[in-house]
Amino acid sequence: MYEGVVQDLIDELGQLPGVGPKSAQRIAFHLLQADAADVRRLAEVLIEVKARVKFCSVCFNVSEDEQCRICRDPRRDPSVLCVVEEYKDVVAIERTREFRGRYHVLGGAISPIEGIGPEQLHVTELMTRLADGAIEEIILATDPNLEGEATATYLTRMLRPLGLRVTRLASGLPVGGDLEYADEVTLGRAFAGRRSADA
């Protein structure tokens with residue numbers, strides 16, 4: 001334990017996701033040794049991002065405006081909607097340059113253990129977006145884990161009666177991976193999602 005404000009800084013940094021006690025201490029001492037102007041700039045950016053950044057009123061992605069740049073882009077296909085758990089998933093999908101539709105960010109995944117049900121997610125807003133009939137396909141791009149699968153299953157049950165095409169991202173073996181190291185679920189999905197080997 002350190003004295004006063006140094007320990008306060010370590011404690012606050014330790015609250016950040018993925019930052020354990022040792023990392024928090026390392027970051028704190030880095031900041032103590034850094035130039036005062038650099039630390040001031042970091043503090044100003046933190047305050048500015050909190051003041052200016054909000055969530056898109058349509059898809060719940062992060063945005064500095066009422067609507068994010070993807071929702072405002074007229075070149076995006078309005079008939080295809082990709083449903084993701086978090087806004088960081090939007091960035092990951094955008095990096096692939098494969099998807100030209102729009103997004104809907106749920107704000108998490110169903111997790112009864114953590115007390116997160118559909119009511120805590122942007123599911124109601126998703127259903128409202130579907131009311132005008134412009135969307136023809138929904139791609140469920142939730143994480144391939146227990147919570148993501150539960151969320152995808154729940155949404156599929158809600159969406160199927162609407163007559164929409166509901167698809168799920170393919171999952172299976174990573175490129176460059178070895179079969180012997182693949183778990184049973186991943187290997188099973190790779191078999192289930194197999195496609196023709198035609199060139």
Over 12 foreign heavy atoms within 6.0 Å of CG, Leu146: no

Test item: Arg100 side-chain N/O and Asp77 main-chain N/O as donor-acceptor pair under 3.5 Å: no

ILVMFWY clustering at 4.5 Å (side-chain atoms), partners of Val58: none

Donor on one side chain, acceptor on other, Gln7 and Asp11, under 3.5 Å: yes

Closest non-hydrogen atom pair, Leu121 against Gly108: CD2-C, 3.6 Å

Leu32, CG atom: more than 12 neighbouring heavy atoms under 6.0 Å: yes

Other cluster members, Ile47 - Ile/Leu/Val/Met/Phe/Trp/Tyr, side-chain contacts below 4.5 Å: none

Shortest non-hydrogen contact between Val39 and Ala34, atoms and distance: CG2-CB, 3.9 Å

Single-linkage hydrophobic cluster Val84~Met127, side-chain heavy atoms < 4.5 angstrom: no

Which atom of Ala152 lies closest to which atom of Leu140, heavy atoms considered: O-CD1, 3.5 Å

Atom of Cys56, atom of Gln67 and distance for their closest heavy-atom approach: SG-CA, 3.6 Å

Over 12 foreign heavy atoms within 6.0 Å of CZ, Arg165: no

Backbone N/O of Val105 and side chain of Glu85: donor-acceptor pair under 3.5 Å: no

Connected via hydrophobic side-chain network under 4.5 Å: Val6 and Leu31: no

Sequence neighbours excluded - salt bridge (Lys or Arg N to Asp or Glu O under 4.0 Å) pairs with any residue from residues 30-42: Asp38-Arg41

Charged N-O contact under 4.0 Å between Glu137 and Arg102: no

Gap separating the OG atom of Ser111 from the CG atom of Asn145, nearest 0.5 angstrom: 9.0 Å

Pair Asp65 + Arg72: basic N to acidic O under 4.0 Å: yes

SG on Cys71 to CG on Asn61, rounded to 0.5 Å: 7.5 Å

Heavy-atom pair with the smallest gap, counting every atom of Arg76 and Gly101: NE-O, 2.8 Å

Verify same cluster id: Ile27, Phe29 (apolar side-chain graph, 4.5 Å): no

All ring-ring contact (aromatic ring centres under 6.0 Å, His included) counterparts of Tyr103, not counting sequence neighbours: Phe99

Between Glu149 and Thr142, a side-chain donor and acceptor under 3.5 Å: no

Under 3.5 Å donor-acceptor, His104 side chain and His122 backbone: yes

With Tyr87 via ring-ring contact (aromatic ring centres under 6.0 Å, His included) - residues at least two apart: Phe55

Val91 with Phe60, same ILVMFWY side-chain cluster at under 4.5 Å: no

Results of side chain to side chain contact (heavy atoms under 4.5 Å, CB included) for Ile135 - residues two or more places apart only: Leu81, Leu130, Ile138

Under 3.5 Å donor-acceptor, Lys54 side chain and Glu64 backbone: yes

Heavy-atom pair with the smallest gap, counting every atom of Ile110 and Pro118: CD1-CG, 3.9 Å

